Amino acid sequence: MSETTPKVPERPSLDGLDAAWSAVWERQGTYRFDAPGDRAAVFSIDTPPPTVSGSLHVGHVFSYTHTDIVARFQRMLGKHVFYPMGWDDNGLPTERRVQNYFGVRCDPSLPYDPDFAAPEPMARKGDRPILNLSRRNFVELCTTLTESDEKAFEALWRRLGLSVDWSMTYTTIGSTAQRVSQRAFLRLVRSGNAYQAEAPTLWDVGFRTAVAQAELEDREHAGAWHRIAFHAGDRPIHIETTRPELLPACVALIAHPDDERYQDLFGTTVTSPVFGVSVPVLPHPAAERERGAGIAMCCTFGDLTDVQWWRELHLPARTVIGRDGRILAEPPDGLDDQEGRKAYAELAGATVRTARERVVAMLRASGDLDGEPRTVVRPVKFYEKGDTPLEIVSSRQWFIRSVEHQDAMLRRGAELQWHPAYMKARYDDWVRGLNGDWLVSRQRFYGVPFPIWYPLDAAGDPDYDNPILAVEDTLPIDPSSDTPPGYSADQRDQPGGFTGDPDVMDTWATSSMTPEIVCGWDSDPERFAQTYPMDLRPQAHDIIRTWLFATVLRAELETHSLPWRHAALSGWILDPDRKKMSKSKDNVVTPMGLLEQFSSDAMRYWAASGRPGTDTAFDQGQMKVGRRLATKLLNASKFVLTIGAPADDADVTEPIDRAMLAALDDVVVQATSALHEFEYTTALERTERFFWSFCDDYLELVKQRAYGVTDEPPSPEASSARLALRTALSVLQRLLAPFQPYSTEEAWSWWHDDSVHTSEWPTPAGIVADSSALDVAGTVIGAIRKAKSDAKLSMRAEVATVRVYGTEADLAAVDATRTDLTAAGNVRTFEPHPTTEPLRIEVELA
RNA sequence: GGGCGACUAGCUCAGUGGGAGAGCGCUACCUUGACACGGUAGAGGUCGCAGGUUCAAUCCCUGCGUCGCCCACCA
């Protein structure tokens, strides 16, 4: 670091610092990554690319600050910090936002309109008819909107002071991400780790796409138990169901093998009411005797147990619900009864809800509804971004093998260093509970397409068993517009020609490749060697089962290693009432508004108060405190720097000065070790505590001595104080720099040419000193202050006598700091009284 | 049903096998040559409950309670 003659403003202020210093950092490339040629000298961070579907909220400010604190610490340790930013613009959230924002829908059957111009945003939902767009026009619109969102995101991050290298920014829809994602996928296909299958899959009828196990969530949903009679000859067999509309999809009744009530029925058939379909009664151990009537209606498909029975008992499929969530026009095979077909015709085209009402009416009319439906609220599976309950439909989908890698995943989880450590349990739970391979295809538009085509046979049907894989050199490709090798463009969708895979990949299938994308896995071997495996994955704990798991899986499959050494999980932001921060509230309190109101340093201070993994309350009080700390640092710096320089040959000689520096050494050790463990909260707390006592006690005590009688030349005593003050200030500015980059940079700039953020992290100076000078002086000045406060006097009030009762050591400490105490307390005389008792002070005011 | 975490002052949270802490808020006071976006002092807690281990437990062990979350089940 290069010290200069201090230039301190008349009245330091936080106002304007954010804009001024962000511009300087950008201009000077302060956070630019330069490859050192040595992996050990790099600290690489796998930043979470925030979803671009609206705006960032205070929760983002919270967790991204945590990462930045670590990045700044590592940079000051001398590491070359590899810290890119990404935007997750690919995927459903963007599509939904574009649909709602512009009032449009994608219709892939429409032709591309090259002259299409983006419509004005809708003022209110539904204020004009929905506009249908071709896939390509729709994708272009998605790109337009995300680009403007990303600009706003970057502006916020710069304002917050994230020390990312903005020259390395990536997007998950960008060509690099597409290429990496497609290349990795092709390799998985070749190695057999990706495959396609026609299978029952969880399906969101709102978005009309398959979804993965990881994207499910349970929600409390109101329904009703219906007790319905099947018929074994004249004998009614009652089942209970919450989904009577699936009655025409029933393929069997199932009871537990040991259930005495149904022994005589096993192997026989019964007839469904209304629809008159004959179905077998079968035993299966997954049937629970205690639940409902103890005998279940197995349908195509009501839930995952139905799928299990269908599979294990080799039952037929009777699909009645279409991909749009409506009852199919044609009745399923096996529904042959005339009356039954008539009944079905009344359901065709109806929504699930309407169909349910109609089936119940039919059952009531036929006398097969026993009693009235009993309402019940029970958990139902939803797609986490959807708003209708999931259905299960059979469809052709791509999967990535994960079940067979379970053990390897558990081993990787154990290798990874978790912060906090207990978060590993969530990962283990998830891996152990995997019940199927990862479904990665989505029947959507704005995403990375599968780099795959299928030959069409003479009848024009795709040959799914012999997919045509794209050539890796040509990636990224879009099979809906690019032509596969060996074919010409006019053979598209023609018998004997080819067709492109219509689907796109799940967002996680791309974002699980972020380490490979940013480190140059397939494009920059040199960078890859220097940055991968990465050092840190910071992320929120709610996406352990998705992002974290998927990234570990992909790294295992591609590079047979962990993608990073450490995972740091941050918590959520809660409302002051401890509920998860609500959207409505968040719109009122925007992050940019808060940054403007409190300053970036203040917001960062609040963020730093949330420990890793811990949910934290949104607390403007903490922001005020952070602002106070930043202001205090400016003022204390001004004071120390304007009080005058120590003599050239100055030394820290006074016991109290040495004691202060020794205590600071201790703080440096503690803060450093805490930051190494990602315990930034502890580091800040230790530093801050020292800083306030430095200002309120030490500084007040040595003030008068530091001023000195004359400035030229300063006395050895004055020099000792001045040198100690400057030494401590330098250390404190650096200790606080990761937390409060703006105020520390400002104050540092008053006496240095370089940036505090590229200066060296402080190390202990190795000062050995008896702490009693500082401790005893603190006790004495405390007693003096209390006496004055009790007497409701100014702190400047004169003290006649201070009587000190204490051991020889205590009295010696008082003697050593007598000059400082006399000046700071405005004391006339000290009277030492040797005792063996603990230190006691009597103050006699003048 | 299984698991993880939390429970300490009115609020937000540190903390340690031996003295119960910080900040905010509150009360009173102080404009002292960095700072009123400041300073000084004060009031305020049976450390969720019950057992156990220990010379000693807020801390370790067991059980329970409340809250939050994760996973599973959901005919």
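Quick note on labels: first sequence line is chain A, next is B, and so on, each numbered from 1. Fair warning: this is a prediction, and the values are worked out from it, not measured in the lab.
- Nucleic acid contact class of K381(A) (heavy atoms, under 4.0 Å, all strands): base.
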Steps toward salt bridge (Lys or Arg N to Asp or Glu O under 4.0 Å) verdict (R785(A), D696(A)): CA-CA 12 Å; R785(A) 284 167 177 168; D696(A) 295 342; over 6 Å; no
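- As judged by a 4.0 angstrom heavy-atom cut-off over every strand, R291(A) is placed among the base-contacting residues.
- In the model, S693(A) has no side-chain atom that pairs as donor or acceptor with a side-chain atom of D697(A) under 3.5 Å.
- Residue M795(A) is in base contact, counting any heavy-atom pair closer than 4.0 Å across all strands shown.
- D218(A) contributes a side-chain N or O that forms a donor-acceptor pair with the base of C74(B) under 3.5 Å.
- The residue R11(A) sits close only to the backbone: its heavy atoms come under 4.0 Å of sugar-phosphate atoms, none of a base.
- Minimum atom distance to the side chain of R796(A) is reached by U32(B), of the listed U32(B), A41(B), C74(B).
- At the heavy-atom level, C299(A) lies nowhere under 4.0 Å from the strands shown.
- A side-chain contact (heavy atoms from CB on, under 4.5 Å) with Y742(A) is found for exactly one of L634(A), D18(A), L14(A), namely D18(A).
- The residue W606(A) sits apart from the nucleic acid: no heavy atom pair falls under 4.0 Å.
- Remark: side-chain polar atoms of Y427(A) are not paired, donor with acceptor, to backbone N or O of L410(A) under 3.5 angstrom.
- When the C1' atom is compared between C47(B) and G21(B), the two are found 11 Å apart, to the nearest whole Å.
- Comparing C64(B) with C26(B), their P atoms are spaced 43 Å from each other, to the whole Å.
- T242(A) comes within 4.0 angstrom of sugar-phosphate atoms only, judged by non-hydrogen atoms across all strands, and of no base.
- Comparing U40(B) with U32(B), their P atoms sit 16 Å apart, to the nearest whole Å.
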Here RNA chain B, pairs taken as Watson-Crick or G-U under 3.5 Å and shown with ( ), [ ] when crossing and | when to another strand, reads (((((((..((((....[..)))).(((((.......))))).....(((((..]....))))))))))))....
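- Of the listed nucleotides (C74(B), A41(B), U12(B)), U12(B) has the atom at the smallest distance from the side chain of A617(A).
- For K424(A), no side-chain nitrogen or oxygen approaches OP1 or OP2 of C4(B) to under 4.0 Å.
- Nucleotides U53(B) and A57(B) are separated by 10 Å at their C1' atoms, to the nearest Å.
- Heavy-atom nearest nucleotides on RNA chain B were determined for P379(A) and for G782(A), and the one closer to the 5' end corresponds to G782(A).
- Contacts of K703(A) with the nucleic acid, taken as non-hydrogen atoms under 4.0 Å apart, include base atoms.
- Checking the phosphate oxygens (OP1, OP2) of A14(B), no side-chain nitrogen or oxygen of R686(A) falls inside 4.0 Å.
- Within 4.0 Å (heavy atoms only), K632(A) reaches at least one base atom of the nucleic acid.
- Residue pairs meeting the salt bridge (charged side-chain N to carboxylate O under 4.0 Å, His left out) criterion with at least one partner in residues 241-251 of chain A, sequence neighbours excluded, are R243(A)-E245(A), R243(A)-E391(A), E245(A)-R356(A).
- Within the structure, a side-chain polar atom (N or O) of T305(A) is placed less than 4.0 Å from OP1 or OP2 of C74(B).
- Residue contacts shown for A286(A) include a base, since a base heavy atom lies under 4.0 Å away.
- Across all strands shown, Q622(A) has no heavy atoms under 4.0 Å from either base or sugar-phosphate atoms.
- Within 4.0 Å (heavy atoms only), E700(A) reaches at least one base atom of the nucleic acid.
- For R785(A) and G42(B), the shortest distance from a side-chain N or O to OP1 or OP2 is not below 4.0 Å.
- T682(A) pairs in a side-chain hydrogen bond (donor to acceptor under 3.5 Å, both in side chains) with only one of the listed residues (E677(A), Q670(A), R611(A)), which is R611(A).
- Here, C70(B) and G18(B) have their C1' atoms 38 Å apart, quoted to the whole Å.
- Comparing the same atom, C1', in C24(B) and in A56(B) gives a spacing of 35 Å after rounding to whole Å.
- Only the P atoms considered, G5(B) is 39 Å distant from G38(B), to the nearest whole Å.
- Judged by distance alone, with hydrogens and angles left aside, S794(A) brings no side-chain donor or acceptor close enough to the base of C30(B) to form a pair under 3.5 Å.
- Within the 4.0 Å cut-off from OP1 or OP2 of G15(B), at least one side-chain nitrogen or oxygen of R611(A) is found.
- For the side-chain hydrogen bond (donor to acceptor under 3.5 Å, both in side chains) with Y605(A), the lone residue among E688(A), Q740(A), K624(A), R628(A) that qualifies is E688(A).
- Separation of the P atoms belonging to U8(B) and U46(B) is 12 Å when rounded to the nearest angstrom.
- At a threshold of 4.0 angstrom between heavy atoms, the contacts of R243(A) with the nucleic acid are absent.
- Whole-Å rounding puts the E685(A) CD to U12(B) P distance at 18 Å.
- Phosphate contact (OP1/OP2 of G25(B), side-chain N/O of Q620(A), threshold under 4.0 Å): absent.
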